[in-house]
Amino acid sequence: HDRHRSANMVKIYGTSSEVAEPSERSTPNVTRQLTLALSVVALALVVSCALIATAQLQSEETVLYGLGSGEEQEGANAIATTFKTFDAEDDYVKETLGEDYYVDKFKAILDDDAYGKNVKEVKVAVDEAKAEHDILKVFAEGADAGEFGAAP
């Protein structure tokens, strides 16, 4: 049994053979740790406030340009340019075109009864299309024909 007790002890660098009593151990300095933690929090708060103060938080107005092909606007511009260019030349144009003077033809078309009938027909077709659209929307939301009194 003595053989087991007389084992050689190995000394580890940086350690002492004396064991310190719990009362002799250095207690952590709580005040120092709290001061360090609060200073880190205060520094983070200052940096955050500085970043917020320099940030542009108000939105700037933006204009969306070029979303379409632009053909509609270009067409309108071309028409306006054409009519404004020859605006003061109606008498000259009327003399030059004679029977083919377009303004008189357009006025005649507007005054024609067939034109009025065609406009009414188109209005009826548009109204029917809107009604059909509304009914199809109701069906898409889960209704059935019985709700319209149209069931076979």
Side-chain angles (χ1 to χ4, degrees), residues 10 12-16 19-152:
V10 177
I12 298 175
Y13 179 76
T15 61
S16 67
V19 177
E21 295 295 323
S23 62
E24 294 177 14
R25 291 184 186 161
S26 63
T27 58
N29 190 345
V30 176
T31 307
R32 184 173 171 218
Q33 289 178 351
L34 279 175
T35 304
L36 181 63
L38 288 175
S39 63
V40 169
V41 169
L43 179 64
L45 183 63
V46 168
V47 170
S48 298
C49 288
L51 289 174
I52 291 171
T54 60
Q56 291 181 351
L57 299 178
Q58 292 181 344
S59 65
E60 296 178 12
E61 290 186 25
T62 56
V63 176
L64 299 178
Y65 177 76
L67 289 180
S69 63
E71 294 174 5
E72 299 86 3
Q73 186 62 42
E74 289 174 9
N77 290 349
I79 291 170
T81 301
T82 302
F83 284 102
K84 287 294 182 183
T85 300
F86 301 108
D87 197 19
E89 299 183 13
D90 281 348
D91 293 336
Y92 171 76
V93 173
K94 189 172 185 178
E95 286 177 24
T96 305
L97 294 177
E99 293 179 12
D100 294 328
Y101 184 58
Y102 56 90
V103 175
D104 293 336
K105 289 185 177 188
F106 288 161
K107 286 180 182 176
I109 291 171
L110 282 174
D111 294 337
D112 189 14
D113 290 338
Y115 175 77
K117 289 178 185 176
N118 292 339
V119 169
K120 287 178 185 175
E121 186 178 336
V122 169
K123 285 182 180 180
V124 169
V126 169
D127 291 341
E128 289 172 351
K130 287 180 182 178
E132 181 182 11
H133 173 75
D134 292 341
I135 293 169
L136 292 174
K137 181 180 176 186
V138 172
F139 287 151
E141 292 171 351
D144 59 21
E147 295 180 31
F148 290 100

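Just so it is clear, the structure is predicted and the values come from calculations on it, not from any experiment. For the numbers below, each heavy atom of this structure counts, side chains included, while hydrogens, waters and symmetry mates do not.
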CZ-CG distance between Phe106 and Asp111, expressed to the nearest 0.5 angstrom: 13.5 Å
Residue list, side-chain contact (heavy atoms from CB on, under 4.5 Å) with Val41, at least two apart or on another chain: none
Spacing of Thr96 atom OG1 and Asp91 atom CG [to the nearest 0.5 Å]: 10.5 Å
Over all atoms of both residues, closest heavy-atom pair of Tyr115 and Ile109: CB-O, 3.1 Å
Enclosure of Asp127 CG (heavy-atom neighbours >12, cutoff 6.0 Å): yes
Residue list, salt bridge (charged side-chain N to carboxylate O under 4.0 Å, His left out) with Lys94, at least two apart or on another chain: none
More than 12 heavy atoms from other groups under 6.0 Å of OH on Tyr102: yes
Short side-chain to backbone donor-acceptor contact, Asn118 and Ala114, under 3.5 Å: yes
Separation of Leu36 CG from Asn29 CG (nearest 0.5 Å): 11.0 Å
Contacts of Asp100 that satisfy salt bridge (charged side-chain N to carboxylate O under 4.0 Å, His left out) - sequence neighbours left out: Lys105
